[in-house]
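Structure first, commentary second.
Everything numeric in this text was worked out from a predicted model, so none of it was measured.
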Amino acid sequence: GELAADDAEREARFALAAGLAAMLAAPLPAALAQDTVRIAYSRPYPVARTLAHLEQIADSPYVAPLDSALDGFIYGHTLGTAGGHYTDEVGRVIPSLPLVGFRITDPSVPDANKARIVLTSGTHASESTAHLKLEGLINALISDAPEAVSLRQRIVFLVYPQVNPEGRWAGYNRSAPEAQGRDVNRDWRSNEEPLHTAVALTQAAILQDTGGSALMSIDFHNLRSGTI
């Protein structure tokens, strides 16, 4: 029995070594055959996915534009480099991107006695699992599950799913092209000017959409090691 186990372990090691050798012998993909290569440390959740998900749920009877909306579900735009406001550190022209948001509630029940809950994500552009968690929650809230039906009757959920789209578009971590080297999450409580444009616009939208009062605000982020 022990000899068979040892043989199996040796075979597994040989197979692993052979696989690694084959990988090292293979030519590099063109994208990696450069002097400088930039690699994401996590699988990105692109801005396009946020917009595509919104398009998928927009026809739900429980989804509606925010009171702060300027056009459809858009409540503002990032500055973008095309207007010369700032330059990305690698010389890229970053487009002005939409800031989108929406309400989730049961429109057949008057809003007057409902609580407001704010849901935000994406201030830290690299935190893909935050977006995935919020996307899953949104899908649950518009579902036919009894819990979702009850929540929609009692709560107006105000959702701002991609607070820092230019940071996500440009592949930043906690900052953004407009605020290079600065954790834009700190702008939520900063008294210094200027605030990051997207954060400032989202703050203003939340104040308008909540009337200055909410039961709670949940800001989605990646979990740190050792947390639940």
Side-chain angles (χ1 to χ4, degrees), residues 45 47 49-51 53-54 56-58 60-78 97-107 109-143 145 147-168 174 176 179 183-191 195-223 227:
Y45 185 106
V47 176
R49 179 163 174 170
T50 297
L51 300 178
H53 184 238
L54 176 54
Q56 291 170 6
I57 66 172
S60 167
Y62 311 117
V63 174
L66 300 165
D67 292 342
S68 61
L70 304 175
D71 181 17
F73 293 98
I74 298 172
Y75 64 87
H77 290 82
T78 62
L97 296 164
L99 298 166
V100 297
F102 49 91
R103 294 161 39 102
I104 297 176
T105 195
D106 184 343
V109 179
D111 289 348
N113 295 322
K114 292 178 182 175
R116 268 65 173 169
I117 293 181
V118 175
L119 305 174
T120 55
S121 182
T123 304
H124 284 158
S126 66
E127 297 183 357
S128 298
T129 57
H131 290 290
L132 292 168
K133 287 180 286 186
L134 179 56
E135 180 183 304
L137 176 58
I138 292 166
N139 292 340
L141 289 174
I142 65 174
S143 73
E147 298 85 353
V149 173
S150 177
L151 288 170
R152 291 194 300 263
Q153 291 172 346
R154 297 182 290 117
I155 298 170
V156 177
F157 294 93
L158 302 165
V159 187
Y160 310 82
Q162 186 86 257
V163 173
N164 181 11
E166 68 165 16
R168 168 64 70 184
R174 295 190 168 198
D183 185 341
V184 297
N185 196 43
R186 303 298 175 261
D187 277 1
W188 287 97
R189 61 186 182 187
S190 174
N191 293 320
L195 289 171
H196 179 230
T197 298
V199 172
L201 290 173
T202 305
Q203 282 181 326
I206 291 173
L207 285 173
Q208 180 178 344
D209 298 330
T210 60
S213 177
L215 175 64
M216 68 176 68
S217 176
I218 303 174
D219 187 26
F220 286 76
H221 287 264
N222 278 12
L223 295 180
T227 64

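Not counting sequence neighbours, the partners of Arg103 by the salt bridge (Lys or Arg N to Asp or Glu O under 4.0 Å) test are Asp111. Ser217 is linked by a side-chain hydrogen bond (donor to acceptor under 3.5 Å, both in side chains) to nothing, counting only residues two or more places apart in sequence or in another chain. Legend: residues meeting side-chain hydrogen bond (donor to acceptor under 3.5 Å, both in side chains) with Arg116, ordered by chain and number and at least two apart, are absent. In this structure Thr105 satisfies the side-chain hydrogen bond (donor to acceptor under 3.5 Å, both in side chains) test together with Lys114, sequence neighbours excluded. Residues meeting the side-chain contact (heavy atoms from CB on, under 4.5 Å) test with Leu215, sequence neighbours left out: Ala115, Ile117. Applying the ring-ring contact (aromatic ring centres under 6.0 Å, His included) rule to Phe157 yields no partners; only residues at least two apart in sequence or on another chain are considered. Not counting sequence neighbours, the partners of Ala145 by the side-chain contact (heavy atoms from CB on, under 4.5 Å) test are Ser143, Glu147, Ala148. Not counting sequence neighbours, the partners of Ser150 by the side-chain contact (heavy atoms from CB on, under 4.5 Å) test are Arg154. By the side-chain hydrogen bond (donor to acceptor under 3.5 Å, both in side chains) test, His53 pairs with Asn139, sequence neighbours left out.
A distance-only check finds a donor-acceptor pair linking the side chain of Gln203 to the backbone of Trp188 [under 3.5 Å]. In this structure, the side chain of Glu127 engages the main chain of Asn222 through a donor-acceptor pair within 3.5 Å.
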Sequence neighbours excluded and cut-off under 3.5 Å, please list the side-chain donor-acceptor pairs for residues 61-73, or say none.
| unit_1 | atom_1 | unit_2 | atom_2 | d |
| --- | --- | --- | --- | --- |
| Ser68 | OG | Asp209 | OD1 | 3.1 |
| Ser68 | OG | Asp209 | OD2 | 2.9 |

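Annotation: side chain of His196 is in contact with side chain of Asn164 (closest heavy-atom distance under 4.5 Å). Side chains of Leu119 and Ile104 form no contact here, defined as non-hydrogen atoms less than 4.5 Å apart. Using a 4.5 Å cut-off on side-chain heavy atoms (C-beta onward), Pro165 and His77 make no contact.
Between Ala198 and Val163 the shortest heavy-atom distance is CB-O, 3.1 Å. Smallest separation of non-hydrogen atoms from Thr120 and Leu134: C-CD2, 4.4 Å. Contact between Val100 and Pro161 at its shortest, heavy atoms only, is O-CD, 3.2 Å.
Atom OG of residue Ser121 and atom CD1 of residue Ile138 lie 8.5 Å apart, to the nearest 0.5 angstrom. Rounded to the nearest 0.5 Å, atoms CD1 (Ile206) and CG (Leu158) are 8.5 Å apart. Here CD of Gln162 is found 9.5 Å from OG1 of Thr123. Values are rounded to the nearest 0.5 Å.
Annotation: ring-ring contact (aromatic ring centres under 6.0 Å, His included) contacts involving residues 112-133, sequence neighbours excluded, comprise Tyr45-His131, His124-His221.
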Given side-chain contact (heavy atoms from CB on, under 4.5 Å), test Tyr75 with Thr202 step by step and report yes or no. CA-CA 8 Å; Tyr75 64 87; Thr202 305; 2.8 Å; yes
